[in-house]
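Model, not experiment: these values are computed from the prediction. Lettering of chains follows the sequences in order, A, B, ..., and the numbering in each one begins at 1.
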Amino acid sequence: MSRRLPHGGDLVDRDRPVTVLVDGDPVAAYAGDTLASALLAAGRRQVAAGTYTGRPRGVVGLGAEEPNAFVQVVSGPGEPMVRATELEVHDGLAVQRLAGRGRLPLGEDDTRYDHRWTHAEVLVVGGGAAGVDAALEAARDGGRVVLADDQVSLGGWSVGALGPDLDEQVARLETLPNVRVLPRTTVVGLYDHGQAVAVERRTDHRPDAPAHVARRRLWHVRAAEVVVATGAHERPLVFPDNDRPGVVLAGAAAQYVRRFGVLPGERAVVWTAHDGGLRAALDLAAAGVELVAVLDVRDEVAPGLAAELATHGVTVRTGAEVRGTDAGPDGALARVHVRHDGTIVTHDVDLLAVSGGLNPAVMLFSQAGGRTRWSDDVAGFVPDVPPPDAAHPVRVVGAAAGGLRDDELPPAAWFVGDVDSQEAERVFLDPQRDATLADLRRAHGAGLTSVEHVKRYTTIGTAADQGRGFGVLTVGVLAQVLARPVGEVGTTTYRPPYAPVSFALLAGRDRDALSDPVRVTAIHDRHVADGVPFEDVGQWRRPWYVPHQGEDLAASVRRECAAVRTGVGMMDASTLGKIVCRGADVGRFLDRVYTGLFSTLKVGSIRYGVMCGPDGMVVDDGTVARIGEDEWLVTTTTGNAAAVLDSLEEWAMTEWPELDVAFTSVTDQWAVVAVAGPRSRDVLAALAPDLDVSNEAFGFMQWRDAVVGTLPARVMRISFSGELAYEIDVPAWYGAALWDAVRRAGEPFGITAYGTETMHVLRAEKGFPIVGQDTDGTVTPGDLGMGWAISPRKVREGADFVGARSLQRADAVRPDRRQLVGLVPTDGSSAIVEGAQLVAAGADLTDLPVPMLGHVTSAYDSVTVGSPFALALLESGRTRHGEELDAVDSLVPVRVRVVDPVPYDPEGARRDG
Amino acid sequence: MMSLPCPHCGPRDETEFGYGGQAGVAYPARPGDLDDRAWAEYLFVRDNPRGWSTERWVHRAGCRQWFVLRRHTVTHEIESPA
């Protein structure tokens, strides 16, 4: 049964028929229809079902206030929970009706989503008459204007009512070069300092769009002024069984007639509280709807409107009220019970058009910090106190500001009549949540009086429509229950987003490989060719281990470790943070930011340094090489390079601007290959025949310029393994050539490539902590057994450095602080787990709380130690060597013995080869 | 998101900046002369105003310069200090 009128409906194009699939059934429509108008035209009254009750539900509204008609789009990339009132039809559109919740499509969404940024003098939100007017006004002096409108074309819902004037204004606006009009664009958030975020729907309505066109755009608009012209949302009136298909907002029903040429029903009762509802009744009557009764809750109505309705043979019954409805066999509306002058009359109808007034759409105004007040004149909440940031004004105009037409009588603030407790279970205040007046009364019975609490207790207003239609009505009902003025009860808080935003759109292009930068070294291609597994260290991708055919991690690491301890290994160490410090005062500066003494460092020498925060806790460590009188090279841990640079610049700029220092990050400018092991000197000698590599000429913690292979290089004699070792630095573009040269020169010595895992084992065997793994921001140099890294001369002379004062605080010198220790399993074989808690040996793990004495920070299987070996932070650790404890992970204890954290070569004899 | 006035680059989105807390808390000239309480005061204790706050920011993803501005912690109004 078609409900399409033979003519009329300026939004639909009758020359372009369209077929959409609803639950697999074809539904005829025209281009320009929304799915809601198409369903109404097809006479399909039930379009959804209650989430919990399963009760049949139909289209209620016209746009964003629709609480019922949600569908799952299953064509194209698909989308859960789209309002039928906002879904443009096109050939190929396929949807499924929903009972409450949609389902996230699980397929890959390969459509494109974009972000764009723009600036404007004025952003106008809403393209109705008020918005178009505001945009024209704003554009007059040539400033940039953005007009965002969530409809297909400008003009809002007053088109037709205002006629050619508005058409002409819209046409003028679209020719202005300084105005950017964004149709199909919903502003979802208004934030600080004139920032607005908007969703533009670009291709959902045109399935033939090329793939490179973004499906949606997220606009980030920064505007000096925002004009909110978002209009108003119609609110219903409520009564028992108010949720049946066929109960429609009166204004929406009239718009379906006028804009889409669709009759939402044939025999109707209209019930309203304002003149707009009566005008809607006139529109319905003019279109041929048989008006059985027109009711107004007010005691009087405008004589002009009453007279016009009389010409259709309708008398407006004032003070009348709908008391309930019955459904027909199809579950949709069949009868309406009306109480007037104390008697109940029942009408057989298929449409009940209701309108309780208009809610000015103040959401964006509220989001920006504006406050609203209740207005009896408008019977709604209207903007009151503007957002407090006067430098970024937010102005509300038109219906959103509560503007009434000159010829209107004030609407009535009427919410709900006398309803007994049984009926209250069927007065739906949030149909999408299936929440009722009974729920609200229960909330009140539980002692809740705040609108915010009632919302959370009942879930009213928390569904996808965010209470746009029913929210203010609910406030009114609550005010009745509390017997307090509506304005005192107030609204709930409006927060962004105004409409749902998909995660895919928020992500935009930042997906997959672009979700986070991946940093690779200049040698990366060699590692890929070798097929090594990678480990992510911050954004860096580093070789984890370098297995031979068939080796697993453990076997590979055992072999790699043995090679470095007995022969020679090579590793890509390019990721270490590198910062060049230049200036006459770098030495003095480094004395202040490191615990050690650096100003005495000679050109050609290197010193290890520990950096603390002002609180005395270790924040980083690394080496400092003096390259020249005024040039120094600081290295940092891989993950901390940016933070260390930030910190150095902060101290230099904000506390000691008198010092002549400047910093440059050169991490990516150098490629570094570490060559480590007793045979490393032989490899270097072969690579750099002109370099005197003897221990006397090139000692530990020194650096030399050299030609390595054919490459200009800086060679540093430093060691992170305890073995004789060198790091060879070359400009990054020579990285792969250096890697090849080292490998070739090392071949006769059986050089073995190793990865980060072996590096960690080797350093742990030497008790070298890794900042961020063995420390956690609560660990002092002393806790790590690195008191030696604090310059005795600085202490003696009372020279300050960052953290020095904190290291003297009573808490920092407590003898029972957690200190770095080594652990081995007493059985010589049980694995110790990183993160395991240390408790007394044999502690009863069921006697809670079990006192925790420390925790394991690093754990490895160590061939060198001959058993698993761990580093741990342990209360009074240094005095407990030899003690036994339990290391507990997931309630499984492993008996361990506390040992010195440096189990390998504690005298440091091996570093000279 | 706030828009902050970098004195060198002009107004930029907040995500380009780092926050440095209350301004005007100078590193003590001689920390060693302070008792534990005075040192802890410097280290940990800051104003937490409801209203105007004078604070340090750094244009980290821009010119990397530190600067001071006044921000209203309720309204996010911004003033560059005179």
Side-chain angles (χ1 to χ4, degrees), chain A residues 117 119 189-197 220-224 368-370 386-392 592 613-617 642-643 645-657 662-665 794-795 797-813, chain B residues 1-5 8 10-44 50-52 55-80:
Chain A
W117 282 258
H119 293 79
L190 209 51
Y191 302 89
D192 290 318
H193 300 171
Q195 192 206 16
V197 173
H220 305 258
V221 185
R222 183 76 73 178
D389 179 4
H392 300 87
R592 296 185 189 178
D615 61 358
M617 302 303 154
L645 179 65
D646 286 350
S647 167
L648 298 180
E649 288 186 342
E650 179 178 350
W651 284 108
M653 209 179 297
T654 68
E655 297 294 350
W656 307 313
F663 310 94
T664 311
S665 166
K794 277 169 36 175
V795 173
E797 294 176 357
D800 185 43
F801 58 88
V802 174
R805 177 62 186 82
S806 289
L807 293 175
Q808 294 160 19
R809 292 172 65 226
D811 187 66
V813 297
Chain B
M1 187 197 309
M2 296 192 291
S3 170
L4 300 178
H8 308 283
R12 292 289 188 278
D13 278 354
E14 182 186 343
T15 47
E16 295 185 16
F17 296 86
Y19 180 62
Q22 181 180 347
V25 184
Y27 187 73
R30 297 190 55 83
D33 292 351
L34 302 183
D35 62 19
D36 275 4
R37 174 171 290 278
W39 178 247
E41 189 83 16
Y42 160 73
L43 207 52
F44 301 120
R50 180 183 165 83
W52 286 102
E55 51 201 28
R56 306 184 314 146
W57 289 80
V58 59
H59 194 191
R60 189 162 285 150
C63 62
R64 297 188 67 81
Q65 301 297 301
W66 283 86
F67 60 95
V68 171
L69 58 72
R70 273 160 49 80
R71 178 179 63 100
H72 195 284
T73 59
V74 179
T75 66
H76 285 180
E77 286 168 281
I78 303 287
E79 280 180 3
S80 295

So for [X], is it side chain, backbone, both, or neither that comes closer than 4.5 Å to the heavy atoms of chain B?
X: A:Leu645; value: both
X: A:Phe663; value: neither
X: A:Asp800; value: side chain

ask   = Would B:Arg60 and A:Asp646 pass as an ion pair if we require N to O under 4.0 Å?
value = yes
Minimum-distance pair of heavy atoms, taken over all atoms of [X] and [Y]:
X: A:Ala810; Y: B:Asp36; result: N-OD2, 3.7 Å
X: A:Thr654; Y: B:Trp66; result: CG2-CG, 3.5 Å
X: A:Pro614; Y: B:Trp39; result: O-CZ2, 3.6 Å

task = Mind checking the CE-CD spacing from B:Met1 to A:Gln195? Nearest 0.5 Å is all I need.
result =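 Answer for the CE-CD pair, B:Met1 versus A:Gln195, is 5.0 Å.
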message = As an exercise: rank A:His392, A:Arg222, A:Gln808, A:Glu655 by heavy-atom pairs under 4.5 Å with chain B and give me the winner.
response =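 Greatest number of close heavy-atom pairs with chain B: A:Arg222.
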query = Using a cut-off of under 4.5 Å for heavy-atom pairs, which of A:His220, A:Glu650, A:Glu649 has the most such pairs with chain B?
reply =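 The candidate making the most pairs under 4.5 Å is A:Glu650.
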message = Would you say that A:Trp117 contacts B:Asp13 through its side chain, given a criterion of any heavy-atom pair below 4.5 Å between the two side chains?
response =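 They are in side-chain contact.
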key: Heavy-atom check, side chain of B:Leu43 versus side chain of A:Ser806, under 4.5 Å   =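 Touching, per the 4.5 Å side-chain cut-off.
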request  = Give the C-alpha distance, both sets of side-chain angles, the deciding distance and a yes or no for salt bridge (Lys or Arg N to Asp or Glu O under 4.0 Å) between A:Arg805 and B:Asp35.
outcome  = CA-CA 9 Å; A:Arg805 177 62 186 82; B:Asp35 62 19; 5.9 Å; no
inquiry  = Need one label for B:Arg64: side chain, backbone, both or neither, based on atoms under 4.5 Å from any heavy atom in chain A.
reply    = both
query = Short question: side chain of B:His72, backbone of A:Asp389 - any donor-acceptor pair under 3.5 Å?
reply =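 The answer is no, because no donor-acceptor pair under 3.5 Å joins these two groups.
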request  = Using modelled atom types only, decide if a donor and an acceptor are shared between the side chain of A:His193 and the backbone of B:Ser3 within a distance under 3.5 Å.
outcome  =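 Flag set: sc A:His193 to bb B:Ser3 pair under 3.5 Å.
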